[in-house]
Protein chains: 2
Amino acid sequence: MTETMGRRERKKAATRKALADAALRLFLEHGYDNVGIKDVAEAADVSTTTLFKHFPSKEALVFDPDADVEAALVAAVRDRPAGTSAAAALREHILRRKFVEPGRATADFTRLVDGHQALRDYAHRMWMRHETALARAIAEDAGRPEDDPACAALAHFALETSALARGSADPREAVERAFDLLENGWDATLAAAPPAAPPAVPPSG
Amino acid sequence: MTETMGRRERKKAATRKALADAALRLFLEHGYDNVGIKDVAEAADVSTTTLFKHFPSKEALVFDPDADVEAALVAAVRDRPAGTSAAAALREHILRRKFVEPGRATADFTRLVDGHQALRDYAHRMWMRHETALARAIAEDAGRPEDDPACAALAHFALETSALARGSADPREAVERAFDLLENGWDATLAAAPPAAPPAVPPSG
DNA sequence: TACAAAAGTGCAACGAGTCAACTTTTCAAT
DNA sequence: ATTGAAAAGTTGACTCGTTGCACTTTTGTA
């Protein structure tokens, strides 16, 4: 009667969850650096060695590896409404993601994460890991080679808006103005070397 | 006859230099993570506690806190040739800095630094520390409030081009295309809300 | 039923970094 | 010149995240 995973994998997932839950609870309760790895392991009733078989580092305890974030980013570009640019689509997606749908990020959680350098960095690095996938999506959409530098730049900068938002008095405004820059720049980039639009005059007839 | 600094400060600077030199030599010789803090301290003939009174971390041993980097960035914007935009000036400055004047970065040094995550991150963080100063310079130049989000965005992205360069097959090309994006976007930003240029028609005459 | 892989345990160790108490050197004011 | 405070350095023990190793238990499969 094992639905999809055997007992083994179920148990493994269970300990993993126990660890993550214990960690989050303790961190929120007593503060990130007042809680040691040992405390977390003990609270989940495993050894610290076991803990590190599930999570590569202390910071990793806080984040679950969101598999669909990347898919959502790519989809935002690929499935955007007609007549809008990839840059505009990314603005919408990131704004919604950050300011409309809070996701599973409660206020406590947010405070925890960006109250600690190590956690901020870890989160940012996870986020930036989608850079190449996003760049590829943009490139494919624009009909350019998958390693096109302009597309890589747009992808990088679009993701970096999140770093720009943090540390700004008005994060939303920061993201908006950053995307103004990117959208205008991107439009000009496309105008300079337009995608495979059927030319009015046949080439070198 | 102490020129400018007393014996005390001279000695302090000497130990500091001894530490930095020993560290660099050992790191290059045996690899960053085959050399411990103890080895460095021993080679400089001080205790590890003394080492940490001079450098906050192992990574810090590798970089000297270049005071004029920030000044150069600000100057690049402020003292640029007439008729060019701040974005264009930054492109020139960063390209020259990264590809023309190698600075004191030998090939070994470069290999050392970007062969290790920790060192790369440290370098990048030091570099990004100039973000706010640069943003202020841009804002002042454009006649905008010193915390203007568009200026902050340009500053952030311009500095981030260095991250974009690393991890690209053709770093120079990556920087150039990134700045194409930024320059075009910046021109549009200025066009939308131009700096204090005397209007052809007096406002609300 | 037997066997191999995977999960977990226990313990010892390492390396980076901190802390507190103490000695030595240097600077400056008398 | 002497003294006294501040700063530089030492020492050694300690914390904490993280790894390695040898071992037991559990589980899936042949």
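Quick note: numbers below take in every heavy atom, side chains included, and nothing from hydrogens, waters or symmetry partners. In the text below, chain A, chain B and the rest are named by the order of the sequence lines, each starting its count at 1. Here the structure is a predicted model, which means the values were calculated and not measured.
- A ring-ring contact (aromatic ring centres under 6.0 Å, His included) check over residues 66-102 of chain B, counting only residues at least two apart or in different chains, returns nothing.
- Look at CG on B:L51: it is 15 Å from P on D:dA8, rounded to the nearest Å.
- The ring-ring contact (aromatic ring centres under 6.0 Å, His included) analysis of residues 31-60 of chain A, with sequence neighbours excluded, yields the pairs A:F27-A:Y32, A:Y32-A:H116.
- Taking atom CG of residue B:D45 and atom P of nucleotide D:dA8, one finds them 18 Å apart after rounding to whole Å.
- Across residues 16-23 of chain A, not one residue has a non-hydrogen atom less than 4.0 Å from an atom of DNA chain C.
- Comparing the local axis fitted to the first five base pairs of the helix from C:dT1-D:dA30 to C:dT30-D:dA1 with the one fitted to its last five gives a bend of 10°, rounded to 10°.
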Indicate every side-chain donor-acceptor pair of residues 181-192 of chain A with a distance under 3.5 Å to a residue at least two apart or in another chain.
residue	atom	partner	partner atom	Å
A:E183	OE2	A:R91	NH1	2.1
A:N184	ND2	A:D180	O	3.1
A:T189	OG1	A:G185	O	2.9

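- Using a 4.0 Å cut-off, no side-chain N or O of B:K11 falls inside it from OP1 or OP2 of D:dA8.
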* Structure fact -> Per-nt protein contacts along nucleotides 10-20 of chain C (heavy atom under 4.0 Å; B base, S backbone sugar-phosphate only, - none) come out as BB----SBBB-
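- At least one donor-acceptor pair closer than 3.5 Å links the side chain of A:R80 to the backbone N or O of A:V77.
- Evaluation of the side chain to side chain donor-acceptor pair (under 3.5 Å) rule for B:R125 yields A:D121 as partners, not counting sequence neighbours.
- Here D:dG17 presents its P atom at 15 Å from CZ of A:F55, a figure rounded to the nearest Å.
- The side chain to side chain donor-acceptor pair (under 3.5 Å) check on A:K38 picks up nothing, with sequence neighbours excluded.
- Atom CD of B:E42 and atom P of D:dG9 are 17 Å apart (whole Å).
- When rounded to the nearest whole Å, the span between CG of B:D33 and P of D:dT18 equals 16 Å.
- Pairs engaging residues 144-179 of chain B under the ring-ring contact (aromatic ring centres under 6.0 Å, His included) rule: A:F157-B:F157 [sequence neighbours left out].
- In this structure, CG of A:L61 is placed 14 Å from C1' of D:dC16, rounded to the nearest angstrom.
- Qualifying salt bridge (Lys or Arg N to Asp or Glu O under 4.0 Å) partners for B:R129, counting only residues two or more places apart in sequence or in other chains: none.
- Residues meeting the side chain to side chain donor-acceptor pair (under 3.5 Å) test with B:H124, sequence neighbours left out: B:E160.
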Show every donor-acceptor pair shorter than 3.5 Å between a side-chain atom in residues 142-152 of chain B and any protein atom, with sequence neighbours excluded, or say none if there are none.
residue	atom	partner	partner atom	Å
B:R144	NH1	B:D148	OD2	3.3
B:R144	NH2	B:A193	O	3.4
B:D148	OD2	B:A150	N	3.2
B:D148	OD2	B:C151	N	3.2

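- Phosphate proximity of C:dG8 to A:H54: present, with a side-chain N or O under 4.0 Å from OP1 or OP2.
- Panel note: side chain A:D39, backbone A:G36; a donor-acceptor pair is recorded below 3.5 Å.
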